[in-house]
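Whatever order the structure lists them in is the order used to number ligands and atoms, beginning at 1.
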Amino acid sequence: MERRPFGPTGRDVPAVGQGTWRMELNPASAVAALRRGFDLGLTHVDTAEMYGDGRVEEIVGQALRGRRDEVFLVSKVLPSNASYEGTLRACERSLARLGTDRLDLYLLHWPGPHPFEETVRAFERLRRDGKILAYGVSNFDAAELEGAVRIAGPGRIACNQVLYHLGERAVEHEVLPRCASLGVALVAYSPYGQEAFPDPTSEGGRVLAEIGRARGATPRQVALAFLLRDPNVFVIPKAARPEHVEENAGAVAVRLRAEDVGTLDRAFPRGRPRPLPML
Ligand code: NAP
């Protein structure tokens, strides 16, 4: 599995990771899928206290048993909990559910009611105590990200996790370039657009299949490879089935040519600049 430098952390992280939202719906299969992913090097695991009201962190904890040290483990604090004391408490709860003593990365799930200064103060305290190794943000637009870096200081915000898939390329206008200039990694969530992955009979679906045939890849692998064409991007598709994880892992081997990128760009246009969308 290809690994890339992850923002200012000094760590190399797999380009393709694993999301976990809604894994509470089929926990046994989800644990098997996560562990199959670890075997294949998909060791960047993204979860959150919000998912299944904590249930998903417990499922991830099961998958981590005996394998914690292989994984770059990410969780997120809910904005409503992100006061100084609230963040410290939320982190303790997440660690207990995950059955670990540390997170590799802790994110603010989206901008919320508590001053970001307070959240950062808690993140710094958690870092000093060894409970998190790095921290970052999610769903921050370019201006919010700049504000976050100003507050936290240079080299502190590791990533911005945002909605990014072929059908929703808004981040390419401002957020992606701003992440690059600030040295912040961009993590693409919902990289398949959840259940809205292009149908094979649609125009976009036909384009994906055609490029896939030419490059020996599946349409989904082509879609992930398109997002990964930027070296500062990481993707975290969620797959609760081992066979889906195997397909997703194959995306890093796909070498898109410039003409493929041009064809995809026309089939899935970026559109006009617009406010950062989120799910
Ligand atoms: P997604 O990854 O775009 O799509 C997930 C769907 O794709 C599931 O139905 C999954 O099915 C299916 N799938 C995955 N691989 C497949 C394959 N190879 N073939 C066929 N189907 C496949 O959507 P997402 O879960 O919203 O996004 C990924 C992760 O990003 C989340 O799980 C979460 O960790 C994170 N996220 C973060 C935020 C945020 O605000 N920060 C918001 C949304 C998501 P199966 O499960 O049946 O395999």
Side-chain angles (χ1 to χ4, degrees), residues 16-34 36-37 40 42 44-52 55-57 59-60 63 71-80 82 94 98 103 105-112 135-141 144-145 158-169 171 175 185-200 205 208-209 212 217-228 233-252 254 276-279:
V16 180
Q18 303 194 75
T20 63
W21 195 12
R22 302 206 176 95
M23 277 194 169
E24 76 278 13
L25 300 178
N26 34 9
S29 171
V31 169
L34 284 166
R36 180 69 186 125
L40 297 167
L42 277 66
H44 172 183
V45 175
D46 177 76
T47 191
E49 62 169 334
M50 186 186 95
Y51 299 165
R55 181 84 189 93
V56 171
E57 286 183 324
I59 291 166
V60 172
V71 173
F72 185 82
L73 180 61
V74 185
S75 193
K76 314 186 197 77
V77 58
L78 275 169
S80 53
S94 287
L98 288 159
L103 297 172
L105 180 65
Y106 200 29
L107 307 181
L108 175 60
H109 211 144
W110 63 87
Y135 60 85
V137 296
S138 178
N139 296 300
F140 274 43
D141 68 21
E144 288 163 339
L145 180 65
C159 78
N160 187 16
Q161 188 184 115
V162 290
L163 178 66
Y164 184 27
H165 58 86
L166 269 175
E168 181 46 88
R169 298 172 56 197
V171 295
V175 175
L186 187 144
V187 178
Y189 75 67
S190 307
Y192 288 139
Q194 298 198 323
E195 309 310 314
F197 191 74
D199 187 86
L208 285 166
T218 69
R220 283 179 185 266
Q221 290 170 339
V222 171
L224 294 186
F226 180 81
L227 305 185
L228 292 172
V233 171
F234 298 76
V235 296
I236 47 167
K238 174 262 181 181
R241 298 190 213 182
E243 65 273 23
H244 287 172
V245 173
E246 286 163 11
E247 179 176 359
N248 300 343
V252 290
V254 180
L276 180 70
M278 72 174 272
L279 290 180

Worksheet item: Between Glu243 and ligand 1, which part of the residue brings a heavy atom under 4.0 Å of the ligand: side chain, backbone, both or neither?
Response: neither
Fill in: Student check: side-chain heavy atoms of Pro27 and Arg55 closer than 4.5 Å
yes
Discussion item. If you measure every N or O of Leu279 against every N or O of ligand 1, does any of those distances drop under 3.5 Å?
Written reply: no
Practice prompt. Number the atoms of ligand 1 from 1 as they appear, then name those within less than 4.0 Å of a heavy atom of Gln161, with their elements.
Written response: 35 (C), 36 (N), 37 (C), 38 (C), 39 (C), 41 (N)
Worksheet item: Tell me: protein heavy atom nearest atom 30 (O) of ligand 1, and distance?
Response: Tyr189 CB, 3.3 Å
Item to complete: Look at atom 32 (O) of ligand 1 and say which protein heavy atom is nearest, naming residue and atom and giving the distance to 0.1 Å.
Response: Trp21 N, 2.9 Å
Practice prompt. May I ask you to list the atoms of ligand 1 that are less than 4.0 angstrom from any heavy atom of Pro237?
Written response: 2 (O)
Discussion item. Under a 4.0 Å threshold between the charged nitrogen and the carboxylate oxygen, would Asp46 count as salt-bridged to Lys76?
Written reply: yes
Response to the item:
Within the 4.0 Å heavy-atom cut-off, what Tyr51 brings close to ligand 1 is side chain
Worksheet item: Short list, please: which atoms of ligand 1 are under 4.0 Å from a heavy atom of Glu247?
Response: 17 (C), 18 (N), 19 (N)
Fill in: Where ligand 1 meets Gly193 - atom numbers and elements under 4.0 angstrom, heavy-atom basis
3 (O)
Fill in: Asn139 and ligand 1 - part of the residue with a heavy-atom distance under 4.0 Å
side chain
Discussion item. Test of understanding: given a 4.0 Å heavy-atom threshold, classify the contact between Ser138 and ligand 1 as side chain, backbone, both, or neither.
Written reply: side chain
Response to the item:
Checking heavy atoms under 4.0 Å, the part of His165 that sits near ligand 1 is neither
Worksheet item: In the protein, which heavy atom is nearest to atom 9 (O) of ligand 1, and how far is it?
Response: Glu195 OE2, 2.9 Å
Practice prompt. Record the part of Arg220 in heavy-atom contact with ligand 1 below 4.0 Å; permitted values are side chain, backbone, both and neither.
Written response: side chain
Item to complete: Can you pull out the closest protein heavy atom to atom 29 (C) of ligand 1? Residue, atom name and distance to 0.1 Å, please.
Response: Ile236 O, 3.3 Å
Worksheet item: Side chain of Gln18, backbone of Leu42: donor and acceptor closer than 3.5 Å?
Response: yes
Fill in: Gln221 backbone acceptor or donor facing Glu247 side chain under 3.5 Å
no
Discussion item. Counting only heavy atoms closer than 4.0 Å, does ligand 1 sit against the backbone of Ala33, its side chain, both, or neither?
Written reply: neither
Worksheet item: What is the closest protein heavy atom to atom 24 (P) of ligand 1, and at what distance does it sit?
Response: Ser190 OG, 3.6 Å
Practice prompt. Run through Phe226, Phe197, Tyr192 and flag the one making a side-chain contact (heavy atoms from CB on, under 4.5 Å) with Leu166.
Written response: Phe226
Worksheet item: Nearest protein heavy atom to atom 10 (C) of ligand 1, by residue and atom, and its distance?
Response: Lys238 O, 3.3 Å
Worksheet item: Near Lys76, which atoms of ligand 1 are under 4.0 Å from a heavy atom of that residue?
Response: 41 (N)
Fill in: side-chain hydrogen bond (donor to acceptor under 3.5 Å, both in side chains) between Ser94 and Glu57, worked out
CA-CA 7 Å; Ser94 287; Glu57 286 183 324; 2.8 Å; yes
